[in-house]
Undergrad: 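Would you mind keeping the following structure in view while I ask a few things?
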Amino acid sequence: MSVGVIILAHTALQRAEQAIRHWADAGCPIVVHVDKKVNHNEYVAFVEALSDLDQVTFVQRRRCDWGGWELVAATQDAATKLLDSHPELRHIYLASGACLPLRPVSELCTYLDARPETDFIESSTTEDVPWTVGGLDEERFTLRFPFSWRRHRQIFDLYVKLQQLIGFKRRIPAGVVPHMGSQWWCLTRRTLRAILTDPKRSTYDRYFRKVWIPDESYFQTLARLHSTKIESRSLTLSKFDYQGKPHVFYEDHKALLRRSSCFVARKIWPRADALYETFPQPYDKPHESVAPNPSSVDRIFANAVDRRTLGRPGLYMQSRFPTIDRENAVTAGPYSVLQGFAEVFEDFESWLSKVTGGGDVHGHLFAPDRAHFNDGGPVYVGGMSDHPTLRDYNAKMFLTNLIWNNRDKHQAFQFGPMDTQTINWMVAKDTNARISVVSGAWIISLFLAREEFSDVRKEAARLQQIEHKQLKILRSPFTKARVRVMTLAEFVRSPMETLQIIVDEVSEQPHPRLAEAPNMRKLDGLGAFLQDLRNQGMHPFLTGEFPKDGDTAASLQTQQKPYLVR
Amino acid sequence: MLRLQRKRWKVRAFRKRRELVEVKNRTKGIRPDDILLFCTFRNEDVRLPYFFEYYRKMGVDHFVMVNNGSTDGGDDYAAAQPDVSLWSTDAGYGNARFGMDWLTYLQWRYGHGHWALTVDVDEFFVYPFCDTRPLAALGDWLDASDVRSFGALMLDLYPQGPVSEARYERGMDPLEIASWFDAGNYTISQNKRMRNLWIQGGPRARAFFSDKPEQAPALNKVPFVKWNRRYTYVSSTHMILPRGLNLVYDQQGGEKTSGALLHAKFINTFSERAQEEAARGEHYGAGHEYQQYAETGQDDPDLWTKWSEQYLNWRQLEVLGLLSKGNWA
C-alpha cells in the first residue's frame, strides 16, 4: 500500500472509529492522535475498539487548543512514526476524526498512484487570500498570541491592538515565505521527510510555535521550501464560513456530496447516520476519469456567506434589521413616486398602467382616507391593509413591504402634500426611488373644487408649506434617489418629455416614443385663480408663473426643459 | 437596572415555585445533551397528542410542563407520557407573569446547560432544514457558532372561511384545517432598552387592531435558547434577559439564521377560548387582546383574503423572507 493516513481525533470517537475502518479496509497504515481533552475512559475504550486492526497505531496524546501549536506537534509525531515504520509509503494523507471518505479509498490510491510526485496542499501567500478570522492575515506571522482567541477573546484583541500600537513585529526566519491554506493535506513521503528532517527545523518550530493558527501555515509554508510539485488544493472537501468556522455536512447534503466526486469530506455531523451509511460509495463513472469537482458545494457555501454578510436588500425581518443609513438600497427594487400627475391629468393611473403594458400603478397610497391600491381593494399583496391608521403606524415599513412583496414588478404610486409625509426622508435616501414632482399641482384640485375661497386660501397655504418642506428634503445632499422636479407651469408647457421618462422608468426599459398624452384637465381660468390667491396675500410660488388669463396650455408655447436635480 | 429586574424576577420565580405541585417528575432521566421543551397549558387536551408527536419528531428529548388548572383531563394525558415531567398549579396565570414565573423556576432548576425550547401548545416551531435536520443539529451548529439564542417570527395561521368551521379533532395536524397566513404585512421597530425587535402585523393586526395598531400583539419571539440559570424570559418569550440574547438579528444588512413559530390559534376552539379568556382577563396584556375579539364581535372571524398564502414548508417561508437560513447551509 502506498498511502498512509494520519488521523487527528477530538470528539465523536465512534464516528472516528468508523472512518478509520474505511481507511483500514483499503489496507492503509494509520497513526491516530487523540486529543488529551478526551477523558481517559473514553480513550481506552476507543483504543480497545480498534484493537482488532493491526495497522492502526497511536501516538502520545497532546492537549490541542484551537489555533494552537499542539495540533502541529501531534501531526509531526504521527508523521514521523508513520514514515519510520512504513518505508513503502509514497503519500501521507492528513485527516480528522470528523472526515468521511466519500469514495472508496482504493479510488484515492489509484488517483495518487497516477500522480506520484505531487504534493496536494492548499498553500497561498497572505496577499492572495482574504481569510480574515479575527481580522488578521499577515499579522498572524508577525505578532505574538499568548492568549486564547476562543477563551479570552478580549485579552487576545487587546494584546493584538497593543502590539499594533507600539509597532511590534516578530522576525520571520530567513528563507521562509508565509503561506496559508487548509489544514488537511496529502504530502509525498519525500516532501514530508524533508520537512521533518530539515536541519533548521528547530528554528522553524520555535517560530511557528507562536504563530497564530499554525496548523494552517506550518506545513503550508514549509512545503514550499521542499516540494518539487505542489498542487495548491486540498483533496479533502472542507468549507469555511465567514467566521472561519468549518461548515458541517448533514444528511440532506448526500446528493451534493456524491456529485462533488471528492475523495474525503469534513466535517460530517456525527449524527448524520445516512451519510455514514452511504459513504464511501464508488463514483458512478469509471474512477480514473473523475477528479474532485467541488464547484457546486462551493456555490452553496458562497451563497451562505453572501446571505449572512449582505442579505437580501429591502428585506426587514426577525433576523435582518439594518439601520437605514447603512444601506444604499432601502427597498428591494426600483419604484416610482409620482407627484402631481394625477392632478394634472384625468385618469392618469389607468393611462400609465395601460401604456406600460399593465404596470402596477397605484393611486395615492398614503392618502388620508385609505391606501388606494391599484385594484381598489381593501387588502393587497402580502396581506397589506388599506387602513390609514394601520398604515401610518409604520408608514416606512408599509412602503418597504409593498416593494418587497412585489419585488418582481415595478411599483408606481401617486403622492402629494395631502398624504402622509413621514416617508419623505426614507424615500429620498433610497437609491431605488424614482421621484417625479410637478410642484404646485395640488392647486388644481382646489381650483376645480370651487369651495369657499377663504378655506381654499388656507388649504393652499398648508399644502404649499408641506410640499416646500418635502422639496427641501429632495434637494438635500443626503438624497440618493433619482429626483426630477418641475413647476406646474413648466410641466404643462411640455409634458411629453417627462411622461416619456416616467413611462421608461415604470417599464424598466426604453419604451417606444409616446404617441399621445393622457387627457389634461381643463385649466382655463387657473391663471386668474392664482392671481386671486395672490391678491388675498397667499403667494403660490411652487406652481411657477402662469399668465393671468387666457387658455393656459396654449398660451405657454416656449419650450422649457424640466430640470434634473439628481 | 435590567440586572436588578432580572434578579427580581428570578427571586419572584423562586417564590412562585411554592405554587407548583409536582405531579410527575421524570427529570432524572434527562441526559446532558438532551433538548428540553418548556410549556404551560390550560385545557388543551385536544391539542396535546399532536403537540407531542410534532416535537418528538423534531427531536425534543424531554418535556417540562406546567398544567394551570386544566379541567379537561389534559393533565392526566400529559403525565402519562414517558418523556414528560409535569407540575400543576391552580394559581392565577396573570399573577405569575402569564406562567413565566413557573417556567422560569423550572428552567432554572432543569434547563441549565441544555438547549431549551419554550412554546405554547398551539405554537409549532419551524427552522431552516427542519424537515431534514433535527433540533440537535441546530443546537450543535449554534454552539459551534457561539450563538446562545435563536429568534423566530410568530406566524398566525388561519383557515379559509369562518374560524368556527375549522373543526379540529384530537391528534390532527392543525395545519390541515388552518394553513393560511399573511406573507408581507409585518412592521418592525427596535426596543432600545431590551434591544429586541418589536414585530407586529399579520392577520390579527389587520382584522382586529386597524385603528389601534400599537396594541396589536407582538410577534417577535426568542423560543430556542442555550439555557443558563442566570437567564429569564421577560414577557412570554418575546424578550429575554440578559438583553444580549435578544440580538437575534443583524444590523449591518446580513441575515442571521432564524425560524418561525406557526401559530395555529385560529381553529374552532378559538371562539370559546376568546369568551372565556376575556372574562378571565388573565392572558398577556390582561386579556385585552381577547377583549378586543369579544368587543368587536369577532370571536368567529374570517381572516382569509385572496392574498393569503398557503403554508407549504420552511423553504417557502425563506423565499418570502419570513425566516432565513443565514449562513447555515
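Letters A, B, ... mirror the listed sequences (proteins, then strands); counts begin at 1.
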Undergrad: Is it the backbone or the side chain of Leu247(B) that comes under 4.5 Å from a heavy atom of chain A, or both, or neither?
TA: neither
Undergrad: Measure the spacing between CZ of Arg271(A) and CG of Asp33(B) and express it to the nearest 0.5 Å.
TA: 8.0 Å
Undergrad: Under 4.5 Å from any heavy atom of chain B, what part of Asn406(A) do you find: side chain, backbone, both or neither?
TA: neither
Undergrad: Between Arg407(A) and chain B, with a heavy-atom cut-off of 4.5 Å, which part of the residue counts as in contact: side chain, backbone, both or neither?
TA: side chain
Undergrad: Compare every heavy atom of Trp269(A) with every heavy atom of Ala136(B), then report the nearest pair and how far apart it is.
TA: C-CZ2, 3.6 Å
Undergrad: Between chain A and each of Ile199(B), Thr305(B), Asp211(B), Thr257(B), count heavy-atom pairs under 4.5 Å; write down the option with the most.
TA: Asp211(B)
Undergrad: At their closest point, which heavy atom of Gln252(B) faces which heavy atom of Pro322(A), and how far apart are they?
TA: C-CB, 4.4 Å
Undergrad: With a 4.5 Å cut-off on side-chain heavy atoms, are Asp250(B) and Arg320(A) touching?
TA: no
Undergrad: Tell me, yes or no, whether the heavy-atom count around Gln310(B) atom CD, taken from other residues, nucleotides or ligands under 6.0 Å, exceeds 12.
TA: yes
Undergrad: Tell me if a side-chain donor or acceptor on Trp404(A) pairs with a main-chain N or O of Gly184(B) at a distance below 3.5 Å.
TA: no
Undergrad: I'd like to know if the side chain of Ser319(A) reaches the main chain of Lys256(B), judged simply by a donor and an acceptor atom lying under 3.5 Å from each other, with no hydrogens or angles considered.
TA: yes
Undergrad: Is the backbone of Ile188(B) close enough, under 3.5 Å, to the side chain of Asn394(A) for a donor and an acceptor to pair up by distance?
TA: yes
Undergrad: Against chain A, label Asp131(B) side chain, backbone, both or neither, depending on which of its atoms sit under 4.5 Å from a heavy atom there.
TA: neither
Undergrad: Against chain A, label Leu320(B) side chain, backbone, both or neither, depending on which of its atoms sit under 4.5 Å from a heavy atom there.
TA: backbone
Undergrad: Side chain, backbone, both or neither: which part of Ala152(B) has a non-hydrogen atom closer than 4.5 Å to chain A?
TA: backbone
Undergrad: Can you confirm whether Thr389(A) sits close enough to Pro213(B) that some side-chain heavy atom of one is under 4.5 Å from a side-chain heavy atom of the other?
TA: yes
Undergrad: Please state whether the side chain, the backbone, both or neither of Lys221(B) comes within less than 4.5 Å of a heavy atom of chain A.
TA: neither
Undergrad: When only pairs under 4.5 Å are counted, which of Asn185(B), Asp182(B), Asn327(B) shares the most heavy-atom pairs with chain A?
TA: Asn327(B)
Undergrad: Need one label for Glu214(B): side chain, backbone, both or neither, based on atoms under 4.5 Å from any heavy atom in chain A.
TA: both
Undergrad: Please walk me through it: do Arg153(A) and Asp146(B) pass side-chain contact (heavy atoms from CB on, under 4.5 Å)?
TA: CA-CA 12 Å; Arg153(A) 185 81 52 95; Asp146(B) 291 324; 4.0 Å; yes
Undergrad: Check whether any side-chain heavy atom of Asp375(A) lies under 4.5 Å from a side-chain heavy atom of Lys306(B), and answer yes or no.
TA: yes
Undergrad: For the interface with chain B, which of Asn405(A), Asp241(A), Asp252(A) has the highest count of heavy-atom pairs at distances below 4.5 Å?
TA: Asp252(A)
Undergrad: Using the ring of each side chain (for Trp, its six-membered ring), is Phe129(B) parallel, tilted or perpendicular to His253(A), with breaks at 30° and 60°?
TA: tilted
Undergrad: Under 4.5 Å heavy-atom distance to chain A, tell me which part of Leu153(B) shows up: side chain, backbone, both or neither.
TA: both
Undergrad: Looking at chain A, which one of Ser210(B), Ala183(B), Gly321(B) has the largest number of heavy-atom pairs inside 4.5 Å, strictly under?
TA: Ser210(B)
Undergrad: How far does OH of Tyr186(B) sit from CG of Asn401(A), to the nearest 0.5 angstrom?
TA: 10.0 Å
Undergrad: Please look at Trp180(B) and chain A and tell me whether the side chain, the backbone, both or neither of the residue comes under 4.5 angstrom of a heavy atom of that chain.
TA: neither
Undergrad: Testing Arg312(A), Arg307(A), Arg308(A) one by one against Glu255(B) for a salt bridge (charged side-chain N to carboxylate O under 4.0 Å, His left out), which residue passes?
TA: Arg312(A)
Undergrad: Could you give the distance from OG1 (Thr323(A)) to CD (Gln190(B)), rounded to the nearest 0.5 Å?
TA: 7.0 Å
Undergrad: Please look at Leu315(A) and chain B and tell me whether the side chain, the backbone, both or neither of the residue comes under 4.5 angstrom of a heavy atom of that chain.
TA: side chain
Undergrad: Can you name the nearest heavy-atom pair linking Tyr249(B) to Gln318(A), along with the distance?
TA: CB-O, 3.3 Å
Undergrad: So do Tyr250(A) and Trp141(B) actually touch side chain to side chain, heavy atoms under 4.5 Å?
TA: yes
Undergrad: Measuring heavy-atom distances to chain A, does Thr187(B) have an atom under 4.5 Å in its side chain, in its backbone, in both, or in neither?
TA: both
Undergrad: With rounding to the nearest 0.5 Å, note down the distance linking CZ in Arg206(B) to CG in Leu390(A).
TA: 10.0 Å
Undergrad: Rounded to the nearest 0.5 Å, what separates atom CE in Met317(A) from atom OG in Ser258(B)?
TA: 4.0 Å
